[in-house]
Amino acid sequence: MTSDLEGIDGLGFVLYRSTARPGLDGSDMQDILRSARSRNQSLGLTGCLHHEEGLFFQWLEGPAEGLRQVMALLTSDARHSRIEVLDSGALNHRRFQDWRMRFSDRDRASLMDWFARSDTATVHRGDYAGGVVAFMLGLEI
Ligand SMILES: Cc1cc2nc3c(=O)[nH]c(=O)nc-3n(C[C@H](O)[C@H](O)[C@H](O)COP(=O)(O)O)c2cc1C
């Protein structure tokens with residue numbers, strides 16, 4: 001897993017997809033969100049985590065140094081594997097400024113259904129990462 005945060009000293013972002021450990025349950029999710037929200041608050045990170053069909057999608061944004069710290073923790077977390085960075089880089093302004101870690105799952109909204117419904121004007125062909133972010137920004141929670 002590599003994310004392109006080298007050389008960024010201001011705001012950055014990472015969007016990744018990973019495979020959830022089979023059998024992860026609601027109390028595992030609560031644990032993940034508890035540590036995410038508390039550390040993200042202290043590091044000034046915000047973002048969104050979506051869980052569906054055994055996959056995690058997470059957008060994380062904030063000071064690049066904090067992002068690097070959390071990505072290092074995430075990489076060695078056995079609750080998920082096959083972390084694949086979909087996009088990363090510098091950011092002019094936050095997209096999830098009110099959220100220490102917004103969370104949604106299949107019961108609230110389906111990314112897969114959203115992709116199936118989206119027309120090409122919303123999701124440009126091949127812009128998978130852009131589609132995931134648009135879905136996360138449009139969640140009504
Ligand atoms: C899908 C997923 C998303 C996570 N997101 C975050 C996060 O945004 N911030 C964070 O600090 N930890 C996150 N974690 C947890 C870290 O991998 C790590 O377990 C945790 O930060 C350790 O914190 P603790 O000291 O509270 O135990 C996530 C874990 C998983 C499996």
Side-chain angles (χ1 to χ4, degrees), residues 1-22 24-141:
M1 180 216 62
T2 52
S3 52
D4 194 11
L5 296 170
E6 301 306 317
I8 298 176
D9 49 14
L11 279 184
F13 75 95
V14 178
L15 175 70
Y16 73 84
R17 178 182 57 200
S18 64
T19 303
R21 192 188 66 203
L24 221 62
D25 62 19
S27 95
D28 294 313
M29 286 311 311
Q30 291 308 318
D31 288 347
I32 290 170
L33 285 173
R34 198 175 309 117
S35 29
R37 287 174 172 150
S38 112
R39 179 168 295 94
N40 293 1
Q41 181 169 40
S42 64
L43 293 176
L45 302 182
T46 46
C48 181
L49 176 65
H50 180 72
H51 179 222
E52 180 170 346
E53 291 183 9
L55 297 174
F56 284 118
F57 295 83
Q58 188 173 27
W59 171 277
L60 270 162
E61 63 187 14
E65 184 47 42
L67 279 178
R68 282 188 280 265
Q69 281 183 41
V70 167
M71 290 310 288
L73 287 168
L74 280 168
T75 311
S76 55
D77 192 324
R79 291 172 290 190
H80 64 171
S81 60
R82 297 173 62 187
I83 299 173
E84 193 183 335
V85 174
L86 303 174
D87 200 5
S88 66
L91 204 60
N92 290 331
H93 55 86
R94 289 178 194 260
R95 297 190 175 174
F96 294 90
Q97 53 200 0
D98 298 332
W99 295 91
R100 275 181 292 153
M101 190 47 59
R102 184 178 226 189
F103 176 71
S104 77
D105 60 17
R106 182 75 181 77
D107 295 340
R108 292 169 195 250
S110 166
L111 174 64
M112 311 304 160
D113 291 354
W114 186 88
F115 265 122
R117 279 199 316 269
S118 299
D119 54 26
T120 47
T122 316
V123 182
H124 298 293
R125 197 185 295 271
D127 186 11
Y128 183 65
V132 174
V133 184
F135 165 79
M136 288 175 161
L137 288 168
L139 288 168
E140 284 170 19
I141 299 175

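Just so it is clear, the values below take in all heavy atoms, side chains as well, and ignore hydrogens, waters and symmetry mates. Note that this is a predicted model, so its numbers are computed, not measured. Numbers here simply count residues along the sequence, with the first being 1.
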* **Ser27: partners by side-chain hydrogen bond (donor to acceptor under 3.5 Å, both in side chains), with sequence neighbours left out** => Asp25
* Got Tyr16 and Leu86 here, is their nearest side-chain heavy-atom distance under 4.5 Å? -> no
* Asked: Is there a side-chain contact between Val133 and Trp59, using heavy atoms and a 4.5 Å cut-off?
  -> yes
* **Student check: side-chain heavy atoms of Val132 and Arg17 closer than 4.5 Å** => no
* Residues two or more places apart in sequence or in another chain: which of them pass side-chain contact (heavy atoms from CB on, under 4.5 Å) with Asp98? -> none
* **Residue pair Met136 / Phe96, side-chain heavy-atom distance below 4.5 Å** => yes
* Measure the CG-CG distance between Leu60 and Asn40 for me, rounded to the nearest 0.5 Å. => 6.0 Å
* Go through the structure and list residues passing salt bridge (charged side-chain N to carboxylate O under 4.0 Å, His left out) with Arg68, not counting sequence neighbours. => Glu65
* **Residue pair Ser88 / Leu15, side-chain heavy-atom distance below 4.5 Å** => no
* **Pairs satisfying salt bridge (Lys or Arg N to Asp or Glu O under 4.0 Å), at least one member in residues 48-63, at least two apart** => Glu52-Arg106
* Is it true that Phe135 and Phe115 have ring centroids separated by less than 6.0 Å? -> no
* To do: Can you sort out the partners of Ser81 under side-chain contact (heavy atoms from CB on, under 4.5 Å), two or more places apart, ordered by chain and number?
  => Thr19
* To do: Write down the atom of His50, the atom of Ala109, and the distance for their closest heavy-atom approach.
  => CE1-O, 3.1 Å
* Which atom pair, heavy atoms only, marks the closest approach of Asp87 to Ala129? -> CB-CB, 4.0 Å
* Asked: Sequence neighbours excluded, which residues qualify as side-chain contact (heavy atoms from CB on, under 4.5 Å) partners of Leu11?
  -> Pro63, Leu91, Arg94
* side-chain contact (heavy atoms from CB on, under 4.5 Å) against Leu49, all qualifying residues, sequence neighbours excluded -> Met29, Ile32, Leu33, Phe56, Gln58, Met101, Phe103
* Asked: Taking only residues two or more places apart in sequence or in another chain, which ones pass side-chain hydrogen bond (donor to acceptor under 3.5 Å, both in side chains) with Arg37?
  -> none
* Structure fact -> Residues Arg108 and Ser104: closest non-hydrogen pair is CD-CA, 3.8 Å
* Atom of Leu74, atom of Ile83 and distance for their closest heavy-atom approach -> O-CD1, 3.5 Å
* **salt bridge (charged side-chain N to carboxylate O under 4.0 Å, His left out) against Asp77, all qualifying residues, sequence neighbours excluded** => Arg79
* Asked: Taking only residues two or more places apart in sequence or in another chain, which ones pass side-chain hydrogen bond (donor to acceptor under 3.5 Å, both in side chains) with His80?
  -> Ser18
* **side-chain contact (heavy atoms from CB on, under 4.5 Å) evaluation trace for Leu73 with Arg39** => CA-CA 11 Å; Leu73 287 168; Arg39 179 168 295 94; 3.5 Å; yes
* Where do Met71 and Val14 come nearest, in terms of heavy atoms and distance? -> CE-CG1, 3.7 Å
* To do: Report the residues that fulfil salt bridge (charged side-chain N to carboxylate O under 4.0 Å, His left out) with Arg21, sequence neighbours left out, ordered by chain and then residue number.
  => Asp28
* Please list, chain by chain and in numerical order, all residues satisfying side-chain hydrogen bond (donor to acceptor under 3.5 Å, both in side chains) with Asp105, sequence neighbours excluded. => none
* Asked: Roughly how far apart are Cys48 SG and Arg100 CZ, rounded to 0.5 Å?
  -> 14.5 Å
